[in-house]
Engineer: 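Okay, handing you the structure first.
Please read these numbers as outputs of a predicted model, since none were measured by experiment.
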Amino acid sequence: MFLKVQMPWNVIIPADSLDAKGLMLKKAIVIRLMDEFACKKATKDLGYFMAVTTLESIGEGRVRQNTGDVLFPVVFSGITFKMYRGEILQGVVHKILKHGVFLRCGPVQNIYLSHIKMPDYHYVPGENGIFMNDKHSKIDKDVIVRFIVIGTKWMEAEREFQALVSLEGDYLGPVS
């Protein structure tokens, strides 16, 4: 789920942002790091980037020949979010189809729960279809569902993960 990671990164500071006294340099590096970190979104190995927690070190800056910009190697600690097979999580239903439902869990937007992986639940058609079991437990839009992760897939083009989940197990299903 949440991982604490230490990552190296290269931060490029434009020449016009450099202060002659050097007093604002660390602030400029941190601001640039935060901007770049926010734009990165996710990687296959680490998952979704959630937050930078500490700046561990700033290396010696190297001036780029053509532009005059300065490249600083930095090391920082951060928090990432990644789903793993067998992990039990909770998500919110955002789309219901005849063959299953789509959920959201943290930054992961495409989590699919097939009707085959919902034992005892059957689709009830209507204007807003739902899944219901014999005990009148409903899986409806905006309902929180506890599930187990069967597998994940990294989508390189979108830079995001997709997951396949199940309700087969004890204490899994809609959370009241």
Side-chain angles (χ1 to χ4, degrees), residues 1-95 100-114 117 142 144-167 169 171-172 175:
M1 189 187 312
F2 289 104
L3 306 170
K4 184 173 182 183
V5 296
Q6 193 172 50
M7 294 186 284
W9 205 278
N10 288 324
V11 176
I12 298 171
I13 304 295
D16 57 355
S17 298
L18 296 172
D19 183 18
K21 298 175 188 158
L23 298 174
M24 301 302 283
L25 184 59
K26 186 172 182 178
K27 182 179 178 182
I29 291 171
V30 170
I31 289 169
R32 183 69 113 187
L33 173 64
M34 299 291 271
D35 288 344
E36 290 176 15
F37 185 81
C39 293
K40 184 78 171 171
K41 191 174 180 182
T43 66
K44 182 178 181 178
D45 297 330
L46 299 173
Y48 290 89
F49 297 130
M50 303 303 289
V52 173
T53 54
T54 55
L55 183 60
E56 305 291 336
S57 66
I58 300 173
E60 189 173 316
R62 291 186 295 267
V63 177
R64 297 180 118 190
Q65 293 296 332
N66 299 339
T67 61
D69 297 345
V70 183
L71 183 137
F72 291 92
V74 299
V75 177
F76 67 94
S77 293
I79 296 174
T80 63
F81 178 90
K82 187 175 180 185
M83 296 175 134
Y84 290 98
R85 187 171 197 254
E87 195 169 35
I88 295 175
L89 298 169
Q90 291 182 357
V92 177
V93 176
H94 70 91
K95 191 174 191 180
V101 299
F102 281 95
L103 303 122
R104 292 185 180 113
C105 176
V108 185
Q109 300 292 312
N110 293 313
I111 301 170
Y112 183 65
L113 172 58
S114 171
K117 294 296 182 179
D142 297 324
I144 298 171
V145 177
R146 185 176 296 124
F147 56 82
I148 187 165
V149 178
I150 297 172
T152 61
K153 181 178 179 182
W154 170 248
M155 306 301 289
E156 184 64 45
E158 294 87 13
R159 301 202 60 76
E160 65 184 25
F161 286 91
Q162 293 180 343
L164 184 62
V165 300
S166 172
L167 299 185
Y171 306 107
L172 300 179
V175 178

Engineer: State the CD1-CG distance between Ile29 and Leu25, to the nearest 0.5 angstrom.
Structural biologist: 4.0 Å
Engineer: In Å and rounded to the nearest 0.5 Å, what is the CZ to CE distance from Phe76 to Met34?
Structural biologist: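 The distance works out to 9.5 Å.
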Engineer: Taking all heavy atoms of Thr43 and all of Leu46, pick out the closest pair and write down the distance.
Structural biologist: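 What the structure gives for the nearest pair is OG1-N, 3.1 Å.
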Engineer: With the side chain counted from C-beta on, respond yes when Lys26 and Leu55 share a heavy-atom pair under 4.5 Å apart, and no when they do not.
Structural biologist: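 Side chain of Lys26 against side chain of Leu55, heavy atoms only: contact under 4.5 Å found.
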Engineer: Please answer whether the main-chain N or O of Tyr171 pairs with a side-chain N or O of Arg146 as donor and acceptor at a distance below 3.5 Å.
Structural biologist: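 Flag set: sc Arg146 to bb Tyr171 pair under 3.5 Å.
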Engineer: Taking Ser77's backbone N and O only, do any of them form a donor-acceptor pair with Thr53's side chain (distance below 3.5 Å, no angle check)?
Structural biologist: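 At least one qualifying donor-acceptor pair exists.
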Engineer: Please assess Leu33 against Trp9 for the test side-chain contact (heavy atoms from CB on, under 4.5 Å), listing each intermediate value before the final yes or no.
Structural biologist: CA-CA 8 Å; Leu33 173 64; Trp9 205 278; 3.8 Å; yes
Engineer: Please enumerate all residues that pass ring pair (Phe, Tyr, Trp, His ring centres under 6.0 Å) together with Phe72, with sequence neighbours excluded.
Structural biologist: none
Engineer: Mind telling me whether Phe81 and Phe2 have parallel, tilted or perpendicular rings, with 30° and 60° as the class edges?
Structural biologist: perpendicular
Engineer: Can you tell me if Lys95 uses its side chain to pair, donor with acceptor, with the backbone of Gly100 under 3.5 Å?
Structural biologist: no
Engineer: Mind checking ring pair (Phe, Tyr, Trp, His ring centres under 6.0 Å) for Tyr84 and listing every partner two or more places apart, or none if nothing turns up?
Structural biologist: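 If we apply the ring pair (Phe, Tyr, Trp, His ring centres under 6.0 Å) test to Tyr84, skipping adjacent residues, there are no hits.
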Engineer: At their closest point, which heavy atom of Pro73 faces which heavy atom of Glu60, and how far apart are they?
Structural biologist: CD-O, 3.5 Å
Engineer: Looking at every non-hydrogen atom in both residues, tell me the closest pair between Val165 and Ile111 and how far apart they are.
Structural biologist: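 Shortest heavy-atom separation between Val165 and Ile111 comes out as CG1-CG2, 3.5 Å.
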Engineer: Okay, side chain of Arg64, backbone of Val70: is any donor-acceptor separation there less than 3.5 Å?
Structural biologist: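 Side chain of Arg64 to backbone of Val70: no pair is present.
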Engineer: Using only atom types and a distance under 3.5 Å, with no angle test, would you say the side chain of Glu87 pairs donor to acceptor with the backbone of Met1?
Structural biologist: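 Between the backbone of Met1 and the side chain of Glu87 there is a qualifying donor-acceptor contact (under 3.5 Å).
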Engineer: Grab the two heavy atoms, one from Gln90 and one from Val175, that are nearest each other, plus how far apart they are.
Structural biologist: NE2-CG2, 3.8 Å
Engineer: With rounding to the nearest 0.5 Å, note down the distance linking CG in Leu89 to CG in Leu172.
Structural biologist: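 Going from the CG atom of Leu89 to the CG atom of Leu172 covers 10.5 Å.
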Engineer: Are any non-hydrogen side-chain atoms of Val93 and Leu103 less than 4.5 angstrom apart?
Structural biologist: yes
Engineer: Determine whether Val75 and Gln6 make a side-chain contact, defined as any pair of heavy atoms from C-beta on separated by less than 4.5 Å.
Structural biologist: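 Contact flag for Val75/Gln6 side chains = yes.
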Engineer: Is there a side-chain contact between Met7 and Phe37, using heavy atoms and a 4.5 Å cut-off?
Structural biologist: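 Heavy-atom side-chain distance check passes, below 4.5 Å.
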Engineer: Could you grab the distance from atom CE of Met50 to atom OG1 of Thr80, nearest 0.5 Å is fine?
Structural biologist: 9.0 Å
Engineer: Identify the two heavy atoms, one from Ser166 and one from Ile150, that lie closest to each other, and give their separation to 0.1 Å.
Structural biologist: CB-CD1, 3.4 Å
Engineer: Only pairs at least two apart or in different chains count here, so list each salt bridge (charged side-chain N to carboxylate O under 4.0 Å, His left out) that has a residue in residues 152-161.
Structural biologist: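 Every salt bridge (charged side-chain N to carboxylate O under 4.0 Å, His left out) pair that includes a residue of residues 152-161, provided the two are not neighbours, is Lys41-Glu160, Glu156-Arg159.
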Engineer: Looking only at heavy atoms, what is the nearest atom pair of Cys105 and Gly91, with distance?
Structural biologist: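 Answer, listing the atom of Cys105 first, then Gly91: CB-CA, 4.2 Å.
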Engineer: Mind checking the CZ-CG spacing from Phe102 to Leu113? Nearest 0.5 Å is all I need.
Structural biologist: 10.5 Å
Engineer: With side-chain contact (heavy atoms from CB on, under 4.5 Å) as the test, would you mind laying out the steps for Phe161 and Met83 before giving the verdict?
Structural biologist: CA-CA 9 Å; Phe161 286 91; Met83 296 175 134; over 6 Å; no
Engineer: What distance separates Leu71 CG from Asn10 CG, expressed to the nearest 0.5 Å?
Structural biologist: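 Nearest 0.5 Å value for the CG-CG distance: 4.5 Å.
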